[in-house]
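Before any comments, here is the structure.
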Amino acid sequence: MRRPFHALAGLTLALAAAAPAWAQQPAADTLAAVKSRGTLACGVSTGVAGLSQADSRGEWRGIDADFCRAVAAAVLGDAGKVRFVPTTPQNRFTALQSGEIDLLSRNTTWSFARDVGIGLTFAGVLVHDGQGFMVKRGLNLSSARELDGATICLQPGTTTELNLADWFRTNNIRFTPVVIESFQEVTAAFVAGRCDAYTTDRTGLAAVRAAQGAQADDYVILPETVSSEPLGPLVRKGDARWTDIVKWTLNALIAAEEHGVTAANAAARLQDPSPEVQRLLGTTGDFGRALSLNNDWGLKAITAVGHYGEIWERNMTPVGIDRGRNRLARDGGLMWSPPFR
């Protein structure tokens with residue numbers, strides 16, 4: 001199925017125009033609903049290795065899934081109290097807007113239209129990503145600029161569409177889009193040879209390549225990164241307390257890595273002489289009360305899933321995704337936390 005690329009621009013304008021209508025909606029009390037229900041409903045992808053994917057036992061794995069667990073641990077004291085809800089690019093925002101899910105933690109780019117125009121707000125950046133291209137090694141290509149006249153597989157309802165059109169137009173390169181709805185189907189189409197190249201976030205390309213097993217080396221991710229894709233968790237706009245909880249849970253995971261607080265040693269660090277660590281873990285200060293949580297909410301989140309680096313090593317490294325810009329700022333990356341004070 002193919003669609004004109006001006007459709008996404010029209011959608012962006014429509015979403016921005018709809019902002020006043022969403023702003024008039026009464027804010028839900030998500031925290032009260034989650035506590036009353038006893039579970040966190042967390043929207044994830046339909047399956048992207050390293051990000052969110054159900055394993056052979058039906059257990060959800062990935063950095064997005066672990067972030068859901070961290071929030072559940074902070075709020076409910078139990079990382080297992082998560083109901084994972086698979087969402088597609090087409091229904092992910094509706095699921096959050098309607099209250100079907102409490103939090104959307106799936107590879108979703110923070111953009112103006114999404115943050116302003118659809119009644120949702122981003123709570124931070126979980127993964128700094130960028131759009132790239134993958135081809136079969138047999139094509140002997142070394143650059144995306146050699147794709148003139150190529151057919152390119154992609155999903156609709158994503159920032160990928162507009163980025164693709166913009167980059168090819170800027171570089172005066174012709175292409176034919178092959179637009180297919182689901183991640184699994186578009187991947188299968190590329191592997192089957194229905195298109196010359198596949199474009200999506202580089203994390204997604206690495207996941208697809210790794211999934212080919214013994215044939216992984218038959219595929220090459222080209223060097224160009226044609227966009228900046230800050231991927232982060234979303235919540236409903238207007239629910240300030242819930243936004244703070246999700247935002248500061250993410251900050252806690254990053255701060256824990258900055259201070260060397262791990263899943264294994266967090267409990268032993270409760271009497272750490274560092275005031276920042278004491279506030280992070282709830283030994284001193286009243287930060288939990290400010291969030292309407294127990295003061296050990298950060299301790300519970302970190303103990304459940306580890307600090308940010310541990311989460312990355314467990315989920316992204318096995319897929320072959322280099323940490324790159326997702327290193328801590330002190331190590332030359334873009335990940336940092338505001339202070340706990």
Side-chain angles (χ1 to χ4, degrees), residues 28 30-31 33-55 57-89 91-110 120-127 129 183 203 207 230-236 239 241-254 256-257 263 291 293 297-316 319 326:
T30 308
L31 176 61
V34 170
K35 285 186 172 181
S36 175
R37 190 190 313 127
T39 57
L40 172 73
C42 198
V44 291
S45 73
T46 55
V48 181
L51 297 172
S52 54
Q53 185 177 56
D55 64 19
R57 299 181 299 172
E59 294 289 329
W60 283 89
R61 307 294 180 193
I63 194 169
D64 287 327
D66 274 352
F67 184 68
C68 296
R69 293 186 176 96
V71 174
V75 173
L76 300 170
D78 186 343
K81 292 185 176 179
V82 181
R83 179 171 62 87
F84 292 100
V85 181
T87 63
T88 68
N91 71 14
R92 54 185 164 175
F93 301 130
T94 303
L96 185 55
Q97 291 162 343
S98 68
E100 179 186 353
I101 57 177
D102 307 306
L103 165 66
L104 181 65
S105 181
R106 56 108 66 212
N107 47 316
T108 299
T109 299
W110 189 344
L120 306 177
T121 191
F122 284 80
V125 178
L126 184 59
V127 176
D129 207 344
F183 180 78
T203 53
L231 311 180
L234 287 94
V235 295
R236 285 179 289 276
D239 192 346
R241 180 171 61 177
W242 185 247
T243 302
D244 284 343
I245 289 170
V246 175
K247 174 172 60 180
W248 281 96
T249 299
L250 175 55
N251 288 336
L253 301 177
I254 298 168
E257 182 177 13
L291 295 171
L293 302 177
W297 64 276
L299 171 66
K300 289 178 178 176
I302 297 161
T303 301
V305 298
H307 63 51
Y308 184 82
E310 291 180 281
I311 298 170
W312 187 280
E313 288 298 319
R314 181 167 60 248
N315 296 296
M316 306 292 266
V319 181
N326 296 287

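Positions are given from 1 along the sequence. FYI, side chains are in, hydrogens and waters are out, and symmetry mates aren't considered; it's all heavy atoms of this structure.
How far NZ of K81 is from CG of L76: 6.0 Å, rounded to the nearest 0.5 Å. Taken from CH2 in W60 to OG in S45, the straight-line distance is 5.5 Å, to the nearest 0.5 Å. Summarising the geometry, atom CG belonging to L96 is positioned 5.0 Å from atom CG belonging to L120; distances are rounded to the nearest 0.5 Å. Rounded to the nearest 0.5 Å, atoms OG1 (T94) and CG (L104) are 11.0 Å apart. Atom-to-atom distance recorded for S105:OG and L40:CG is 9.5 Å, nearest 0.5 angstrom. Between R61 atom CZ and N315 atom CG the span is 8.5 Å, to the nearest 0.5 Å.
Side-chain contact between V127 and T203: present, with at least one pair of heavy atoms (C-beta onward) separated by less than 4.5 Å. Here the side chains of I311 and F67 are not in contact, with every heavy-atom distance at 4.5 Å or above. Side-chain contact between T46 and T88 is present, with at least one heavy-atom pair separated by less than 4.5 Å. Considering only heavy atoms from C-beta on, V71 stays 4.5 Å or farther from C42 through its side chain.
Counting all heavy atoms, side chain and backbone alike, L253 lies closest to G306 at CD2-O, 3.5 Å. H307 and G309 make their closest contact through ND1-N, 3.0 Å (heavy atoms, listed as atom of the first residue, atom of the second, distance). Contact between V246 and A123 at its shortest, heavy atoms only, is CG1-CB, 3.6 Å. What you find for G124 and P233 is that their closest heavy atoms are O-CD, 3.6 Å. Taking all atoms of both residues into account, the shortest heavy-atom contact from A256 to I302 is CB-CD1, 3.6 Å.
For T121, the side-chain contact (heavy atoms from CB on, under 4.5 Å) partners are D115, V235, K237, T243, not counting sequence neighbours. When the side-chain contact (heavy atoms from CB on, under 4.5 Å) test is applied to I245, the partners found at least two apart in sequence or on another chain are L31, V75, R241, W242, T249, L291, L293. Taking T109 as the reference, E229 meet the side-chain hydrogen bond (donor to acceptor under 3.5 Å, both in side chains) condition, with sequence neighbours excluded. With sequence neighbours excluded, the residues that form a side-chain contact (heavy atoms from CB on, under 4.5 Å) with E100 are V85, A95, S98. Residues passing the side-chain contact (heavy atoms from CB on, under 4.5 Å) test with V125 are W110, H128, P230, sequence neighbours excluded.
Shown are L250, L51, L231; of these, the side-chain contact (heavy atoms from CB on, under 4.5 Å) with L126 is made only by L250.
A salt bridge is absent between R106 and D64: the closest approach of a Lys/Arg side-chain nitrogen to an acidic carboxylate oxygen does not fall below 4.0 angstrom.
No donor-acceptor distance shorter than 3.5 angstrom exists from the side chain of R57 to the backbone of E59, with no hydrogens or angles considered. Using a distance-only test at 3.5 Å, with no hydrogens or angles considered, no donor-acceptor pair links the side chain of E310 to the main chain of V305. For R92 (side chain) and P89 (main-chain N/O), a donor-acceptor pair under 3.5 Å exists by modelled atom type.
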Item to complete: Check the pair V82 / F84 against side-chain contact (heavy atoms from CB on, under 4.5 Å), numbers first and verdict last.
Response: CA-CA 6 Å; V82 181; F84 292 100; 3.7 Å; yes
Item to complete: Begin from the C-alpha positions of D102 and T30 and carry the test side-chain hydrogen bond (donor to acceptor under 3.5 Å, both in side chains) through to its verdict.
Response: CA-CA 7 Å; D102 307 306; T30 308; 5.6 Å; no
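Screening residues 65-77 for salt bridge (charged side-chain N to carboxylate O under 4.0 Å, His left out) gives D66-R69, D66-R314 as the qualifying pairs, with residues at least two apart or on separate chains.
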